[in-house]
2 protein chains.
Amino acid sequence: MSQSTIIDIAQVARLSGVPASTLRYYEEKGLIQSTGRQGLRRLFSSKVLERLAIISLGQQAGFSLNEISTIFTPKGTHIDKNKLLAKAHELDRKIQKLTAIRNGLQHAAECPAPSHLECPSFNKLLRAASMDKLKKNKSVINK
Amino acid sequence: MSQSTIIDIAQVARLSGVPASTLRYYEEKGLIQSTGRQGLRRLFSSKVLERLAIISLGQQAGFSLNEISTIFTPKGTHIDKNKLLAKAHELDRKIQKLTAIRNGLQHAAECPAPSHLECPSFNKLLRAASMDKLKKNKSVINK
DNA sequence: GCTTGACCTCAAGTTAACTTTAAGTTGTAT
DNA sequence: ATACAACTTAAAGTTAACTTGAGGTCAAGC
């Protein structure tokens with residue numbers, strides 16, 4: 001299971017669910033690497049499958065391909081554990097935020113107030129969530 | 001506080017942090033509506049600010065503008081509570097997924113195994129996460 | 001009454017992450 | 001030996017969510 005075999009792009013595509021065109025695109029971006037060529041044709045180590053799974057995980061977590069690429073050591077086959085831990089923390093903060101939003105939405109949907117937009121707790125969430133957009137003008141708010 | 005006043009696009013932009021160009025774009029897409037014009041110039045009810053806050057919330061939750069627009073009643077100023085509740089549930093499932101991913105990443109980053117990719121629990125996550133991509137070919141896997 | 005600044009429209013440009021297309025090459029089965 | 005399916009490259013196209021630019025309008029201050 002931990003043995004790595006050599007496979008072609010079609011097999012990588014079939015085994016990972018990632019289209020061949022995307023695999024070429026990923027290679028171009030440096031996210032994965034082929035181990036060599038047979039004529040024109042790319043050859044991959046089956047290890048690339050784990051890498052692809054991690055990329056998919058990162059995407060599902062909402063990270064861009066560029067962000068994901070930072071967790072891989074330059075040119076390397078390996079993973080930078082510190083970077084990965086940082087991403088885990090980042091994700092953790094995101095989960096906190098999403099949880100607050102979910103609570104707010106749930107509340108808004110269930111709150112029987114005629115205009116739930118007047119509900120103080122919902123408004124608190126709205127304020128908190130839009131704070132970052134207004135950060136440029138410190139307290140111009142009460143001007 | 002629950003009084004609605006009439007404001008122009010520059011004020012909406014300043015108060016919400018959303019650029020005027022984006023406000024026009026949102027209006028074109030039907031996400032917000034101006035109450036009228038003064039000559040060429042759009043006039044908005046200050047109620048639009050709450051709407052914009054909700055849009056921002058939805059985006060932060062990862063919903064597309066099209067998805068977000070479904071929670072507003074057609075042409076309406078109001079919110080479809082059932083749709084909103086559905087979105088809250090959707091978000092809830094997303095949070096569950098992200099939590100699993102975070103745990104996996106954290107584990108991978110901390111696991112002292114030489115190749116953490118061999119760690120069974122991490123692999124379990126990878127499998128689970130990539131399942132959907134492979135769903136098209138039922139059990140062609142063992143062909 | 002004329003300039004100016006803030007608004008307007010419509011079209012085109014931007015970025016990420018791919019997909020599609022066109023034209024060319026090649027390993028493999030016949 | 002030859003056909004052909006599956007690979008290759010390079011470039012162009014796609015979608016979402018905006019932003020930018022060019023050229024036009026208009027209320028208000030000098």
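Atom set for the values below is all heavy atoms of this structure, side chains included, hydrogens, waters and symmetry mates excluded. Chain identifiers are assigned alphabetically (A, B, ...) following the order of the sequence lines, protein sequences preceding nucleic acid strands; residue numbering begins at 1 within each chain.
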Does Arg37(A) make a side-chain N or O approach to OP1 or OP2 of dT9(D) shorter than 4.0 Å? yes
Does dA6(D) have OP1 or OP2 sitting under 4.0 Å from an N or O in the side chain of Arg42(A)? no
Could you tell me whether a side-chain N or O of Lys83(B) sits under 3.5 Å from a main-chain N or O of Ile68(B), the two making a donor and an acceptor? no
Are any of the side-chain heavy atoms of Phe44(A) and Ile32(A) separated by less than 4.5 Å? yes
Would you kindly give the CZ-to-C1' distance between Arg24(A) and dC7(D), to the nearest whole Å? 7 Å
Does Ala10(B) reach a base, just sugar-phosphate, or nothing at all? Heavy atoms under 4.0 Å. sugar-phosphate
Pick base, sugar-phosphate or nothing for Gly39(A), based on heavy-atom distances below 4.0 Å to the nucleic acid. sugar-phosphate
Atom CZ of Phe44(B) and atom C1' of dC8(C): how far apart are they, to the nearest Å? 12 Å
Can you check the Leu43(A) CG to dA6(D) P distance for me, whole Å? 17 Å
Measure from CD1 on Ile9(A) to P on dT19(C) and round the result to the nearest Å. 12 Å
Might you list the N or O atoms of the protein lying below 3.5 Å from N or O atoms in nucleotides 14-18 of chain C, with each pair's distance?
from	atom 1	to	atom 2	distance (Å)
dA17(C)	OP1	Leu65(A)	N	2.9
dC18(C)	OP2	Tyr26(A)	OH	2.9
dC18(C)	OP2	Gln59(A)	NE2	2.7

Report yes or no: do Ile95(A) and Leu85(A) belong to one cluster of Ile/Leu/Val/Met/Phe/Trp/Tyr joined by side chain heavy-atom distances under 4.5 Å? no
If I take atom CD1 in residue Ile7(B) and atom C1' in nucleotide dC7(C), what distance separates them, rounded to the nearest angstrom? 15 Å
Figure out the CD/P separation between Gln38(B) and dA6(C), and round it to whole Å. 16 Å
N/O (side chain, Arg41(B)) to phosphate O (OP1/OP2, dA6(C)) under 4.0 Å: no
Would you confirm whether Thr5(B), through its side chain, and Ser46(B), through its main-chain N or O, come within 3.5 Å as a donor-acceptor pair? no
So, the side chain of Glu67(A) versus the backbone of Ser64(A): is there a donor-acceptor pair under 3.5 Å, distance only? yes
Do Leu65(B) and Leu49(B) sit in one hydrophobic cluster, given that two such residues count as connected whenever their side-chain heavy atoms are within less than 4.5 Å of each other, even indirectly? yes
Lys/Arg N to Asp/Glu carboxylate O, Lys87(A) vs Glu90(A), below 4.0 Å: yes
If I take atom CD in residue Glu27(A) and atom P in nucleotide dC7(D), what distance separates them, rounded to the nearest angstrom? 15 Å
Rounded interatomic separation in angstrom, taking CG from Leu23(B) and P from dC7(C): 11 Å
